[in-house]
There are 2 protein chains.
Amino acid sequence: MTEPSGRRERKKAATRQKIADTALRLFLECGYDAVGIRDVASEADVAVTTVFSHFASKEALVFERDQDFEQRLTRAVTDRPPHEPIIPALHREVHALVRHCTAEGSAPVRRMIEGSPALREYEESMSLRHAHALAAALSADPHLSRSTTACRATARFTIDAYALACRADDPGATVDEVFQMIKAAWEATAA
Amino acid sequence: MTEPSGRRERKKAATRQKIADTALRLFLECGYDAVGIRDVASEADVAVTTVFSHFASKEALVFERDQDFEQRLTRAVTDRPPHEPIIPALHREVHALVRHCTAEGSAPVRRMIEGSPALREYEESMSLRHAHALAAALSADPHLSRSTTACRATARFTIDAYALACRADDPGATVDEVFQMIKAAWEATAA
DNA sequence: TGTGAAACCCTAACGGTTAGGGTTATCTTC
DNA sequence: GAAGATAACCCTAACCGTTAGGGTTTCACA
């Protein structure tokens, strides 16, 4: 993304990346539960406290790119062409996000997440954060004069669509079907 | 609910209740984070291991009546008068549940939950379980011939309505507004 | 070049949770 | 009613994620 200029920042980013990579590798090799933070730290050749200075929790090691997700969602609202209706914009973006998360290489990671209650729980709470951010973006859009409740509900519905699609047999079709519902729901709130 | 017959079962239920009551009292008195499992155990005069044989986690102590919630939701589907449309039935039940959770006496508990990330996270993951159960009930209903995806989405939307309303300024109005959206969404899936 | 801060390290602890293995109370069956 | 089976409970010790406290190195910048 943004190229860090100073050596210190570069080193910090490198440490962070090394920890994340090491963690993911160990998790996939041995299983999430079988790998401890102390294992990750020593394999990455850093102190345990350093791991926690880069990542808030063990689960966060798995969802390293979580910020991207949130940004892409909110930008689908804020950066869309002027006067483009909101629902198609969200529909398109969720499609892309789902494709990304159900891509070939992501399968082992998904399987790992589904296999760990702690990771599933963490993912949900991430989703709620994303729903909050999306709701704020919707509320802030001057072209959409809808109630706060309508914005919040639509945000949650959108996240639901993503979550359902990621676990569905046919992710693409699931996104389409749920968005047909979301479209109707949204239109029912027209002032 | 069901009266246990044997002495053993009665004693077990009493122990469970004593633990739950003690825990909630201590949590409300001193704050959730300030009270440890060891505190709860010794105040309830049981061993720590006994606490965990009745409750799966510290958070579960707070959501003791969680099973009720799930049952009420699924029964709103399965036990509704024959040929009653599903959405009004859900609407009514969510109204009742929200009223229950925003009642006078529940305020301190709600405040405690909102004040603890761990409790919020736990509540979310409970909600997902409820959504699963509700989705299964919807799918199983012979009068509703909708796709699995439509049932799952509607279940999640319903849980969203509950979650949003519990935190809204005007819970009742929020339920109504979101259910107007859900109604439209559901009707958009008609075969 | 010196100084402050950021990144990192180590150790020790805290708190939720569980394993292991034992004791008592209740239930069942004869 | 005695004997065995089992459920509920207890204790101790540990595991593991996480944090506090306090030190050292490395870098940025004046």
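Values in this document were obtained by computation on a predicted structure and should not be read as measured data. Every chain is numbered from 1 and lettered A, B, ... according to where its sequence line falls, protein lines coming before strand lines.
The shortest side-chain heavy-atom distance between R110(A) and C101(A) falls under the 4.5 Å cut-off. Side-chain contact between F55(B) and I37(B) is absent, with no heavy atoms from C-beta onward closer than 4.5 Å. Side-chain atoms of R92(A) and E84(A), non-hydrogen and from C-beta on, do get closer than 4.5 Å to each other.
Contacts of V46(B) with the nucleic acid, taken as non-hydrogen atoms under 4.0 Å apart, involve only primed sugar atoms and P, OP1 or OP2.
For dA7(C), the OP1/OP2 oxygens have no side-chain nitrogen or oxygen of K11(A) closer than 4.0 Å.
Counting atom types as modelled, R7(B) pairs no side-chain N or O with a base atom of dT26(C) as donor and acceptor under 3.5 Å. Taking 3.5 Å as the limit, the base of dT26(C) and the side chain of R10(B) contain no donor-acceptor pair of atoms between them.
For the segment residues 50-59 of chain B, the set of residues with a heavy atom within less than 4.0 Å of an atom of DNA chain C comprises F52(B), S57(B), K58(B), in numerical order. The stretch residues 19-37 of chain A touches DNA chain D through V35(A), G36(A), I37(A), each having a heavy atom within less than 4.0 Å of the strand.
Cluster annotation: I159(B) and L128(A) are assigned to distinct hydrophobic clusters (Ile/Leu/Val/Met/Phe/Trp/Tyr, side-chain heavy-atom contacts under 4.5 Å, transitive). Residues L97(B) and V77(B) share a hydrophobic cluster, clusters being chains of Ile/Leu/Val/Met/Phe/Trp/Tyr side chains in contact below 4.5 Å.
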Under 3.5 Å, sequence neighbours excluded: what are the donor-acceptor pairs made by side chains of residues 184-191 of chain B?
residue	atom	partner	partner atom	Å
E187(B)	OE2	K183(B)	NZ	3.3
T189(B)	OG1	R146(B)	NE	2.8
T189(B)	OG1	W186(B)	O	2.6

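Other residues, nucleotides and ligands contribute at most 12 non-hydrogen atoms within 6.0 Å of the CD atom of Q67(B).
Overall bending of the helix from dT1(C)-dA30(D) to dC30(C)-dG1(D), expressed as the angle between end axes built from five pairs apiece, is 20° (10° steps).
Here dA7(C) presents its P atom at 19 Å from CG of D45(A), a figure rounded to the nearest Å. If you take CZ of R38(B) and P of dG16(C), they are 7 Å apart, rounded to a whole angstrom. Remark: C1' of dG17(D) and CD of E121(A) are 15 Å apart, rounded to the nearest angstrom.
Residue I86(B) holds its CD1 atom at 5.5 Å from CG of L144(B), rounded to the nearest 0.5 Å.
Taking a cutoff of 4.0 Å between a charged side-chain nitrogen and a carboxylate oxygen, E177(B) and R152(A) do not qualify as a salt bridge. The pair R167(B)-E114(B) meets the salt-bridge criterion, since a charged nitrogen lies less than 4.0 angstrom from a carboxylate oxygen.
Closest contact between the side chain of R8(B) and the listed nucleotides dA8(D), dT18(D), dG16(C) involves dA8(D).
For K58(A) and Y122(A), the positive end is not near the middle of the six-membered ring at less than 6.0 Å and at most 45° from its axis.
A search for side-chain hydrogen bond (donor to acceptor under 3.5 Å, both in side chains) contacts involving H130(A) returns D66(A), not counting sequence neighbours.
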Fill in the blank from the handout: With B for base contact, S for sugar-phosphate-only contact and - for none (protein heavy atoms under 4.0 Å), nucleotides 20-25 of chain D reads B-----
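Checked against the 6.0 Å centroid criterion, the rings of Y162(B) and F69(B) qualify as a close aromatic pair.
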